[in-house]
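Comments concern the structure below.
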Amino acid sequence: MTKPITHRPLKRPGGKPSKPPANALALVREYAADGFSVVGVAAKLGTTPKTFNKWLEAQPELQDAFDAGRESERWALHNKLFRLAMEQDNAPAAMFLLKARHGYREGDQSAQGGGVSVTIALPGAMSREQYAQKVKGTIDGQR
């Protein structure tokens, strides 16, 4: 009589879904708006990030839903920070918005990038005779 195979686990029924659920657009948008990353949305949908990325590539409307959810999250965070800065006189929030959205920087910027640096290498000092010889050689076509 043969013994049952016990050294290898049986496959779990169900496994990971190979295509998005019917209500994927609404779910993806909702999860992205709640701050979930690709990894988080994939986990909430019961699949892997690799499979979820394949879904995003294959279905542009799913990618649009993810992007719209992320934009909704960004807008909510920006609005909250803006209200803190404007309505509650929160100086750090105001400074952050000025830096992040309008390019403000702290401190003296003159020593930092953005300027042009030119280096001119001059030859060492020459005597009159050396200079005359150099000029005469250049005029005569010698170097």
Side-chain angles (χ1 to χ4, degrees), residues 1-127 130-131 133-143:
M1 186 161 160
T2 42
K3 295 166 91 180
I5 299 174
T6 57
H7 65 278
R8 150 179 103 213
L10 297 174
K11 289 186 176 181
R12 287 182 289 160
K16 303 287 182 191
S18 60
K19 49 187 180 175
N23 59 343
L25 291 176
L27 290 175
V28 167
R29 184 182 172 112
E30 176 187 334
Y31 297 149
D34 284 343
F36 285 91
S37 64
V38 168
V39 173
V41 173
K44 294 288 274 182
L45 294 176
T47 190
T48 65
K50 184 177 177 180
T51 299
F52 182 63
N53 278 322
K54 286 181 184 177
W55 295 351
L56 292 176
E57 289 175 17
Q59 298 182 19
E61 62 276 4
L62 202 58
Q63 179 68 58
D64 291 344
F66 183 76
D67 294 341
R70 294 295 294 264
E71 176 58 20
S72 178
E73 177 208 21
R74 187 207 62 77
W75 179 86
L77 291 171
H78 177 268
N79 192 37
K80 177 72 172 173
L81 190 58
F82 181 79
R83 291 193 185 287
L84 278 172
M86 299 303 288
E87 295 171 2
Q88 297 182 16
D89 292 331
N90 187 317
M95 287 189 300
F96 179 80
L97 285 172
L98 285 171
K99 290 177 187 177
R101 308 221 359 127
H102 301 288
Y104 281 61
R105 300 287 178 254
E106 290 183 41
D108 181 19
Q109 302 297 309
S110 62
Q112 295 179 3
V116 176
S117 177
V118 177
T119 304
I120 300 174
L122 298 174
M126 295 183 194
S127 68
Q130 289 173 324
Y131 180 75
Q133 189 65 28
K134 183 84 169 171
V135 169
K136 184 175 187 312
T138 304
I139 292 172
D140 293 342
Q142 301 172 2
R143 288 221 170 226

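In plain terms, the two heavy atoms of Val41 and Ala32 that are nearest each other are CG2-N, 4.3 Å. Nearest heavy-atom pair across Phe82 and Leu97 is CA-CD1, 3.6 Å. Between Arg70 and Phe36 the shortest heavy-atom distance is CD-O, 4.2 Å.
With values rounded to the nearest 0.5 angstrom, Lys80 atom NZ is found 10.5 Å from Leu77 atom CG. For the atom pair CG of Asn90 and CE of Met95, the computed distance is 8.5 Å after rounding to the nearest 0.5 Å. Within the model, atoms CZ of Phe66 and OG of Ser37 stand 7.0 Å from one another, a figure rounded to the nearest 0.5 Å. Atom-to-atom distance recorded for Glu73:CD and Arg29:CZ is 12.5 Å, nearest 0.5 angstrom. With rounding to the nearest 0.5 angstrom, the CG atom of Leu98 is 11.0 Å from the CZ atom of Arg105. Rounding to the nearest 0.5 Å gives a distance of 4.5 Å between CG of Leu27 and OH of Tyr31.
The closest donor-acceptor contact from the side chain of Asn79 to the backbone of Trp75 lies at 3.5 Å or more, if one exists at all. Put simply, the side chain of Glu87 never gets that close to the backbone of Leu84: no donor and acceptor are under 3.5 Å apart. Under a 3.5 Å cut-off, the side chain of Asn23 and the backbone N or O of Ala26 do not form any donor-acceptor pair.
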Worksheet item: Could you go step by step and tell me if His78 and Arg101 meet the side-chain contact (heavy atoms from CB on, under 4.5 Å) rule?
Response: CA-CA 10 Å; His78 177 268; Arg101 308 221 359 127; 3.3 Å; yes
Item to complete: Applying side-chain contact (heavy atoms from CB on, under 4.5 Å), run through Phe52 and Leu56 and close with a yes or a no.
Response: CA-CA 6 Å; Phe52 182 63; Leu56 292 176; 3.6 Å; yes
Discussion item. Working note: Val28 + Trp55, criterion side-chain contact (heavy atoms from CB on, under 4.5 Å); need CA distance, chi angles, decisive distance, verdict.
Written reply: CA-CA 11 Å; Val28 167; Trp55 295 351; over 6 Å; no
Practice prompt. Begin with the C-alpha distance, continue with both residues' side-chain angles, and end with the deciding distance and a verdict on side-chain contact (heavy atoms from CB on, under 4.5 Å) for Leu25 and Asp64.
Written response: CA-CA 9 Å; Leu25 291 176; Asp64 291 344; over 6 Å; no
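Looking only at side-chain heavy atoms (C-beta outward), Leu45 and Thr51 stay at 4.5 Å or farther from each other.
Using the six-membered ring where Trp is involved, His102 and Tyr104 have ring planes that are perpendicular, over 60° apart on the 30 and 60° scheme.
Checking Gln63 against Asp67 by side-chain atom types alone, a donor-acceptor pair falls below 3.5 Å.
A salt bridge links Arg74 with Glu71; the closest basic N to acidic carboxylate O contact falls under 4.0 Å.
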